[in-house]
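Only a predicted model underlies this, so the values are computations on that prediction, with no experimental measurement involved. Residue numbers run from 1 in the order of the sequence given.
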Amino acid sequence: MAWRGVEKGGRAGDTAASACPAQTDLERWSLVVDEGRQVWEYVDEAKKRSMPDPVSSRYHVGLSIDHFVKQTPITSVTSSLRQAITFFSAVQTRDGHWAGDYGGPMFLLPGYAIATYITKTPVPDYIKAEVIRYLTNMQNPDGGWGIHIESESTVFGAALNYCVMRIFGVPASDPRLVRVRDWLKPRRGCLGIPSWGKFWLAVLNVYSWKGVHSLFPEMVLLPEWFPLHTRRMWSYCRTVYMPMSYLFGHKFQAPEDDLIRSLREELIFEPYDQVDWPSVRSFIAKEDLYTPHTLPLKLFYKIVNLYEHVAPSWLRSRALKWCYAVLEKEDEFSNYIDIGPVNKVINMLATWLEKGPDSAEFKLHQSRLPDYLWMGRDGMKMNGTNGSQLWDTSFMVQALIESGMKDEFKDVFRKAHDFIDLTQIRKNHPEHSKYYRDETKGGWPFSTRDMGWLVADCTGEGLKGALICKKHNYTATPLSDERLFDAVNILLLMQNDTGGYATCEKTRGWHFFEWFNASEVFGEIMIDYDYVECSSSALQGLCMFSKMYPDHRRKEVDRAIKKGLDFMLSIQRPDGSWEGMWGVCFTYGTWFGLEGLIEAGLPPTHPAVQKACQFLLSKQEADGGWGETFMSCVTREYVHHPTSQVVNTAWAVLSLMKAHCSDIEAIRRGIRFLIQRQRPSGDWLQESISGVFNKNCMISYSNYKNIFPIWALGRFTEMYPEDPLLKSL
């Protein structure tokens, strides 16, 4: 997988709209929010002037908001910071969060298109038009699409997004699709698509189930003590493979029609009924392969593929019944949003198959599809979750509190606190343990309370945001002590024996589970691992809490902090960095690492802190900035970006300031770089992609370009109040 560069990357924002012009009237797109829920509506002419969030709506589709934002000349760090906060405050939604683009993966829209096509769920023409625009903008020069918006073409991206274009009405003769077929033909068409793609094409009836390795639904019936039991999987992996297994077990396929017959001819460059399907089960195009099959996985496949011929119907029926019961509870616990867009649309298909198109459950699924659709400057895409609302808002509260202008923006604090308040999960799900879930009461999710999945780092960041607003009296309704205690309880429960923290649950499995990673395109997906981000955020939350509530469960909190600190030190790399697992990459991980160490009480003179500073200083570019490409995540080694990046620079400068780095000039150069890249409005342009998951797939965090420069500028004004840059550049 190679880096493509910003001529295509960074299209979550400002550079893409000109490539393929809007196919709808952008003035009619309205972002409607309700307790964090984000739904894009295409309103009629009469409602254009009564949109509930007109500034945010206009900004995200690329229309001018100059009329709404007062601009002042940027002549110093102080004026830069004030303009940046003024701008970003203007796009805060009325319910208190910051909406944003969380797209990037190119395998999400295909599930949406296939599921709506099979279930005959109506997709309005204006959505189809903007999806087609998005895919046109994201198409690579060679005709294909990658696994994400900045990657080179893959069969996974090319074949599945070809199906989206066809399902949404683009004829096979269209030059865009001719180019896709030209790219696919020398690669045997869609036959070399990875396993998730084989699954979707089999469901669509463009590919045969005979060409798919058994998903062995009976795995859920193994005793729970078994090392490879489904319960031990990472939550995001488990919630995808269980509904996949359900559809596989039924060998469900869409009814054959003219489009499906045509797609078979267009994507398979040999007669469909002459394909040796079993021979292509393990055939994966070289462009796609990131995690090859291991010997244990190959042996497992031999066994379960043979078992598939003799599987007792009563045992298969029992396994599928339990798979559906668990996915049904996932739907209920998450208010039919589900943990992410992949299992969302598979669950929707399973519900349609099990309950029928007229069932209340299926209609609830349909009603939650808009939660994942995001209308951006480059068209309509599917977000990687139903948003990053709580995550971004918690960071912004912390950024604001470190600025010398916090009292100027009290209303921003109040609205943000109200959002953090309503987003905290206030209950445990009924029978959660039976359905493979842990306790949730007191935690915070990545996005919204309705989604229902807490995350360790989001809980740490949400706790910090709530504590800040309470300490500084920025809200008339601070969280009660009891609710703060609930958050601390969850953080204590979620800590692993290592001292580290995973994502949604404690780690349940062992690393050898990764031998059975069948995705081919992702790394480390089988169990929930300890991460520097989750560990640092939880550690920081506990540290801040212990200062405000020194007598609450003191021994337990102190013990957790000590274990967390020891863990953070243990995973620091020899070069002084930490590897970021959810952002690009070593700059991101090192920011979390240093924030955690300093908050836990390590002095700036500690060797670990000094080593981290030296690592960052060694990566500073001649223009004063820092920049990594997403290839750092793929190769797990630092890869310099050809141009410095605003987000990477902000993380590096924040880290150096947190560590009280003695090289003040390096910090000044980073601050100057941030201001040089700032626009007169106070905004920053979207640059290369900054988020990642599972090593090989990148994801957009469009608010990072605002939050982290604001945080860096604010910290600079607080730490160096006499610095000349505060008065003049």
Check: [X] ring centre within less than 6.0 Å of [Y] ring centre:
{"X": "Trp374", "Y": "His60", "answer": "yes"}
{"X": "Tyr301", "Y": "His293", "answer": "yes"}
{"X": "Phe630", "Y": "His148", "answer": "yes"}
{"X": "Phe586", "Y": "Trp578", "answer": "no"}
{"X": "Phe522", "Y": "Trp196", "answer": "yes"}
{"X": "Tyr435", "Y": "His429", "answer": "no"}
{"X": "Trp591", "Y": "Trp711", "answer": "yes"}

What residues, two or more places apart in sequence or in another chain, satisfy ring-ring contact (aromatic ring centres under 6.0 Å, His included) together with [X]?
{"X": "Tyr372", "answer": "none"}
{"X": "Tyr246", "answer": "His250, Tyr324"}
{"X": "Tyr531", "answer": "Trp582"}

Provide the full list of salt bridge (charged side-chain N to carboxylate O under 4.0 Å, His left out) pairs with a residue in residues 630-644, sequence neighbours left out, each pair given once.
->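 Applying salt bridge (charged side-chain N to carboxylate O under 4.0 Å, His left out) to every pair that reaches into residues 630-644, excluding sequence neighbours, yields Glu524-Arg636, Arg573-Glu637, Glu579-Arg636.
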Could you give all pairs that pass the salt bridge (charged side-chain N to carboxylate O under 4.0 Å, His left out) test and reach residues 192-201, with sequence neighbours left out?
->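 For residues 192-201: none.
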How would you list all residue pairs meeting side-chain hydrogen bond (donor to acceptor under 3.5 Å, both in side chains) that involve residues 102-114, not counting sequence neighbours?
->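 Every pair satisfying side-chain hydrogen bond (donor to acceptor under 3.5 Å, both in side chains) with a residue in residues 102-114: Tyr102-Tyr701.
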Working for side chain to side chain contact (heavy atoms under 4.5 Å, CB included), residues Ser688 and Val647 = CA-CA 9 Å; Ser688 288; Val647 174; over 6 Å; no
[X]: what forms a side chain to side chain donor-acceptor pair (under 3.5 Å) with it, not counting sequence neighbours?
{"X": "Thr498", "answer": "Asp530"}
{"X": "Asn694", "answer": "none"}
{"X": "Tyr236", "answer": "none"}
{"X": "Arg232", "answer": "none"}

Would Ile420 and Trp444 count as a side chain to side chain contact (heavy atoms under 4.5 Å, CB included) if you check the C-alpha gap in whole Å, the side-chain angles of each, and the deciding distance to 0.1 Å?
-> CA-CA 8 Å; Ile420 292 172; Trp444 271 275; 3.7 Å; yes
Test: [X] cationic atom under 6.0 Å from [Y] six-membered ring centre, within 45° of axis:
{"X": "Lys619", "Y": "Tyr638", "answer": "yes"}
{"X": "Arg508", "Y": "Trp234", "answer": "no"}
{"X": "Arg187", "Y": "Trp183", "answer": "yes"}

About how many Å separate CD1 of Ile689 and CD1 of Ile149, when rounded to the nearest 0.5 Å?
->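 Here the interatomic distance stands at 4.0 Å.
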With sequence neighbours excluded, residues passing salt bridge (charged side-chain N to carboxylate O under 4.0 Å, His left out) with Arg368 =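 Once residues adjacent in sequence are excluded, the partners of Arg368 under the salt bridge (charged side-chain N to carboxylate O under 4.0 Å, His left out) criterion are Asp371, Asp450.
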Got a sec, which residues hit salt bridge (charged side-chain N to carboxylate O under 4.0 Å, His left out) with Glu533, two or more places apart in sequence or on another chain?
->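 Not a single residue meets the salt bridge (charged side-chain N to carboxylate O under 4.0 Å, His left out) criterion with Glu533.
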Take His641 and Glu687, measure what side chain to side chain contact (heavy atoms under 4.5 Å, CB included) needs, and give me the verdict at the end.
-> CA-CA 11 Å; His641 199 291; Glu687 298 176 334; over 6 Å; no
When you check the gap from the basic side-chain N to the acidic O, do Glu599 and Lys658 get nearer than 4.0 Å?
->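 Result for this pair is yes, salt bridge flagged.
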Donor-acceptor pair between Thr587 and Glu628 side chains, under 3.5 angstrom =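 Note: Thr587 and Glu628 side chains meet the donor-acceptor criterion.
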Would you tell me whether Ser537 and Glu461 have side-chain atoms, one donor and one acceptor, within less than 3.5 Å of each other?
->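 There is such a pair between these side chains.
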How are the rings of Trp391 and Phe446 set to each other: parallel, tilted or perpendicular (split at 30° and 60°)?
->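 It falls in the tilted class, 30° to 60°.
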